[in-house]
Amino acid sequence: MATVTEPPKADFRLSMLIYDTRYRSMTIQVVALIGFLLLIGFLVSNTAQNLATSGKTVSFGFLGEPAGYDINQTLLEYSNQDSHLRAAFIGLLNTLLVAVLGCITATVIGVIVGVLRLSPNWLIGRLMTIYVEMFRNVPVLLWIVFAMAILIETLPAPSAFRGDDPEATMKVFDTVAITNRGVYLPEPLFSRTLGDIHFFGTSSMNFSVSIDLLLIVAVLIAGFIGAGIIKRRADVTQEATGVRPTTWYLRIGVVVVPLIVVLVALGFHLGYPELKGFNFQGGTYLRNSLIALWLALSLYTAAFIAENVRAGILAISSGQTEAAGALGLRPKRIMSLVVLPQALRVIIPPLISQYLNLTKNSSLAIAVGYMDLTGTLMGITLNQTGKELETLLLGMLIYLIISLAISSLMNWYNNRVKLVER
C-alpha cells in the first residue's frame with residue numbers, strides 16, 4: 001500500500017509577517033501599538049520638559065487651599081473660605097443636577113414629540129416637525145443664551161411684587177415667586193429633625209447630609225420595592241389564572257402611607273419665600289441661569305430624542321398595529337402596550353448618546369453664569385492657581401467617569417428590555 005507523505009513545512013521568514021495572511025493582522029496591530037506608545041511617551045516627555053523649563057511641578061496640593069470665590073447656586077453649604085476641592089465638588093453636584101433634570105425632561109418631551117410626529121393630524125405633525133428641525137439646526141449655546149434673555153426680559157423684577165397694588169403677584173396660592181432673578185419655591189422644613197451625618201472631617205472636604213433626607217429616601221426605596229413585589233405577585237397570578245387582581249391601591253399605599261407617617265413624625269412643614277428689602281428671602285431659590293440651562297438643554301436634546309423615538313416606532317411592523325387593532329385595542333393602548341415596548345430595542349442605543357451629549361453640553365453653563373464643574377474647577381480654580389494641567393486632567397477624568405457610568409446604566413437597562421430570542 002502506498003504511503004502518503006506530508007509536504008515539507010516551509011521555514012518561517014520575516015517577509016511572512018507582511019505577505020502571509022496568518023501573520024499580517026498581528027503585525028499591523030503590533031506596529032500600531034508601538035506607534036501609539038511612542039506617541040504617548042513623546043507627549044509625556046515633552047510635557048515634563050516644558051513644565052521643568054517654566055519652573056512648574058505637577059502637584060495637587062492646591063486642592064486644599066482656600067478657594068476665595070463664591071458659588072451662586074449650591075446644593076450643600078459653601079463659603080469662599082472653603083477649599084478648591086469643596087468648590088469643585090459643589091460644581092460637580094451642579095453638573096449632575098442639570099444632567100439629571102435635563103435627561104428626565106428631554107426624555108418626556110422627546111417621547112411625546114416623537115409620537116406626535118406620526119400623528120394622522122396634519123397640523124400636529126407639521127408643528128412637531130417644525131419644532132424638531134428648528135431646535136436641531138441651531139447651536140445649543142444660542143438656545144441657552146436665548147432662554148436666559150427671555151427669562152431676564154419678560155419676567156417681573158422683585159420690586160414689582162411690592163405695594164398694596166403690586167404689578168406682579170405670587171403664584172400657586174401665594175407660595176411661588178417667579179422673577180427675573182429666579183424662581184422662589186416653598187422650602188421643606190422639619191420641626192423635629194434627627195440631625196446630620198458628617199463626612200470627611202477634614203477642613204478641605206467637610207460636608208454633612210441630613211438624616212431626615214436619608215430616612216425619607218430609604219422609606220421611598222423600600223416602598224417602591226414593596227410595590228414591585230406586589231406587581232410581580234399580580235403577574236404570577238395573572239399567568240396562572242388568566243385574571244389579574246386589582247392591586248393599584250396596594251401599590252400606591254405601600255409607597256404613600258409610610259412616607260406620610262415619616263413626614264408627620266418629623267414635623268414636616270413648608271417655609272415660604274417672602275419679599276424683604278430688595279429681594280425675596282427664604283424658600284428654595286432656583287436661579288435663572290439654572291432654569292435657562294435646564295430648559296435649553298432639555299428642548300434641544302428632546303428634538304434628537306424625538307427622532308430616535310420616531311425611528312423606533314417606524315421600525316415596528318405595521319402588522320403588529322393591525323393585529324392589536326383587530327383585538328379591539330384603542331390606538332393609545334396599542335402605542336403603550338404593543339408598539340413602544342418593542343421600539344425600545346431601537347430607541348435605547350441612540351438614547352444613550354443623547355444623554356451623554358446633554359451631560360457634556362452642560363459644560364456651556366458658564367455662558368449664563370451657572371457655576372458647574374467647568375466653571376469652578378476648570379474655570380476660576382484654574383485661573384487662580386495656574387494649575388492648568390492638573391485641573392484639566394481632573395475635569396476630563398470626572399467627565400469620563402460620568403459618561404462611563406451613564407453608558408453602563410443605560411446598557412444594563414437595554415439588556416433588560418431587549419427581546420429574548422430562542
Is a side-chain donor or acceptor of [X] paired with a backbone partner of [Y] at a separation under 3.5 angstrom?
| X | Y | answer |
| --- | --- | --- |
| S83 | R86 | yes |
| S54 | N50 | yes |
| S363 | K360 | yes |
| R333 | G328 | no |
| Y370 | N94 | yes |
| T381 | T376 | yes |
| T175 | P186 | no |
| E65 | H84 | no |
| Q73 | Y285 | yes |

Look at atom [atom1] of [X] and say whether more than 12 heavy atoms of other residues, nucleotides or ligands are closer to it than 6.0 Å.
| X | atom1 | answer |
| --- | --- | --- |
| M134 | CE | yes |
| E167 | CD | no |
| F60 | CZ | yes |
| R192 | CZ | yes |

Item checked: E388 and K56: CA distance, side-chain angles, deciding distance, salt bridge (Lys or Arg N to Asp or Glu O under 4.0 Å) verdict -> CA-CA 11 Å; E388 62 279 349; K56 294 183 178 180; 3.0 Å; yes
Any side-chain heavy atom of [X] sitting closer than 4.5 Å to one from [Y]?
| X | Y | result |
| --- | --- | --- |
| P158 | F278 | no |
| Y300 | N357 | no |
| T321 | V338 | no |
| L286 | L185 | yes |
| M371 | I366 | yes |
| P188 | T284 | yes |
| D82 | I90 | no |
| S119 | M128 | no |

Next item on the list: Give the C-alpha distance, both sets of side-chain angles, the deciding distance and a yes or no for side-chain contact (heavy atoms from CB on, under 4.5 Å) between M335 and I313.
Entry: CA-CA 9 Å; M335 180 61 67; I313 294 175; 4.0 Å; yes
Could you tell me the separation between the [atom1] atom of [X] and the [atom2] atom of [Y], rounded to the nearest 0.5 Å?
| X | Y | atom1 | atom2 | result |
| --- | --- | --- | --- | --- |
| K387 | L377 | NZ | CG | 13.5 Å |
| I316 | Q342 | CD1 | CD | 5.0 Å |
| F42 | I40 | CZ | CD1 | 11.5 Å |
| L118 | I124 | CG | CD1 | 12.0 Å |
| R345 | N415 | CZ | CG | 14.5 Å |
| L389 | L382 | CG | CG | 10.0 Å |

Residues 212-233 side chain polar contacts: donor-acceptor under 3.5 Å, at least two apart:
unit_1	atom_1	unit_2	atom_2	d
D212	OD1	L194	N	2.9
D212	OD2	T193	OG1	2.6
K231	NZ	D235	OD2	3.2

Next item on the list: Start with the C-alpha gap between L392 and M378, add the side-chain angles, then the distance that decides, and say whether side-chain contact (heavy atoms from CB on, under 4.5 Å) holds.
Entry: CA-CA 6 Å; L392 291 178; M378 295 181 287; 4.0 Å; yes
Would you be so kind as to tabulate the donor-acceptor pairs closer than 3.5 Å made by side chains of residues 400-412, with sequence neighbours excluded?
unit_1	atom_1	unit_2	atom_2	d
S403	OG	Y399	O	2.9
S407	OG	S403	O	3.0
S408	OG	L404	O	2.8
N411	ND2	S407	O	2.9

Please output the side-chain donor-acceptor pairs of residues 106-115 that fall under 3.5 Å, not counting sequence neighbours, one pair per line with the distance.
unit_1	atom_1	unit_2	atom_2	d
T107	OG1	C103	O	2.6
T107	OG1	Y355	OH	2.4

Check: Does a donor on one side chain and an acceptor on the other come within less than 3.5 Å for N279 and Y184?
Finding: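 Note: N279 and Y184 side chains meet the donor-acceptor criterion.
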Next item on the list: Taking atom types as modelled, find out whether R117 and T129 have a side-chain donor-acceptor pair closer than 3.5 angstrom.
Entry: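 There is such a pair (donor and acceptor under 3.5 Å, judged by atom type) between the side chains of R117 and T129.
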For [X] and [Y], work out which heavy atoms get closest and say how close.
| X | Y | result |
| --- | --- | --- |
| G253 | P258 | O-CD, 3.4 Å |
| I347 | G312 | CG1-CA, 4.0 Å |
| A160 | P166 | O-CB, 3.3 Å |
| A87 | Y78 | CB-OH, 3.7 Å |
| G369 | N72 | O-ND2, 2.8 Å |
| A302 | Y131 | CB-OH, 3.4 Å |

Check: Can you check side-chain contact (heavy atoms from CB on, under 4.5 Å) on L397 and L393, steps first, answer last?
Finding: CA-CA 6 Å; L397 178 61; L393 286 177; over 6 Å; no
Notebook entry, point to check: With E133, which residues qualify under salt bridge (Lys or Arg N to Asp or Glu O under 4.0 Å), at least two apart?
Noted result: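 E133 satisfies salt bridge (Lys or Arg N to Asp or Glu O under 4.0 Å) with R136 only.
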Check: What residues, two or more places apart in sequence or in another chain, satisfy ring pair (Phe, Tyr, Trp, His ring centres under 6.0 Å) together with Y69?
Finding: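 Partners of Y69 under the ring pair (Phe, Tyr, Trp, His ring centres under 6.0 Å) test: none.
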Note to self: Please evaluate residues F268 and L270 with respect to the criterion side-chain contact (heavy atoms from CB on, under 4.5 Å), reporting the C-alpha separation (whole Å), side-chain torsions for both, the decisive distance (0.1 Å), and the verdict.
What the structure shows: CA-CA 7 Å; F268 172 79; L270 294 176; 3.7 Å; yes
Next item on the list: Please determine which of V183, T179, I178 meets the side chain to side chain contact (heavy atoms under 4.5 Å, CB included) test together with R181.
Entry: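 The side chain to side chain contact (heavy atoms under 4.5 Å, CB included) with R181 is passed solely by T179 among V183, T179, I178.
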Could you go through residues 139-157 and list every donor-acceptor pair under 3.5 Å that involves a side-chain atom there, pairing it with any protein atom two or more places apart or in another chain?
unit_1	atom_1	unit_2	atom_2	d
T154	OG1	I150	O	2.4

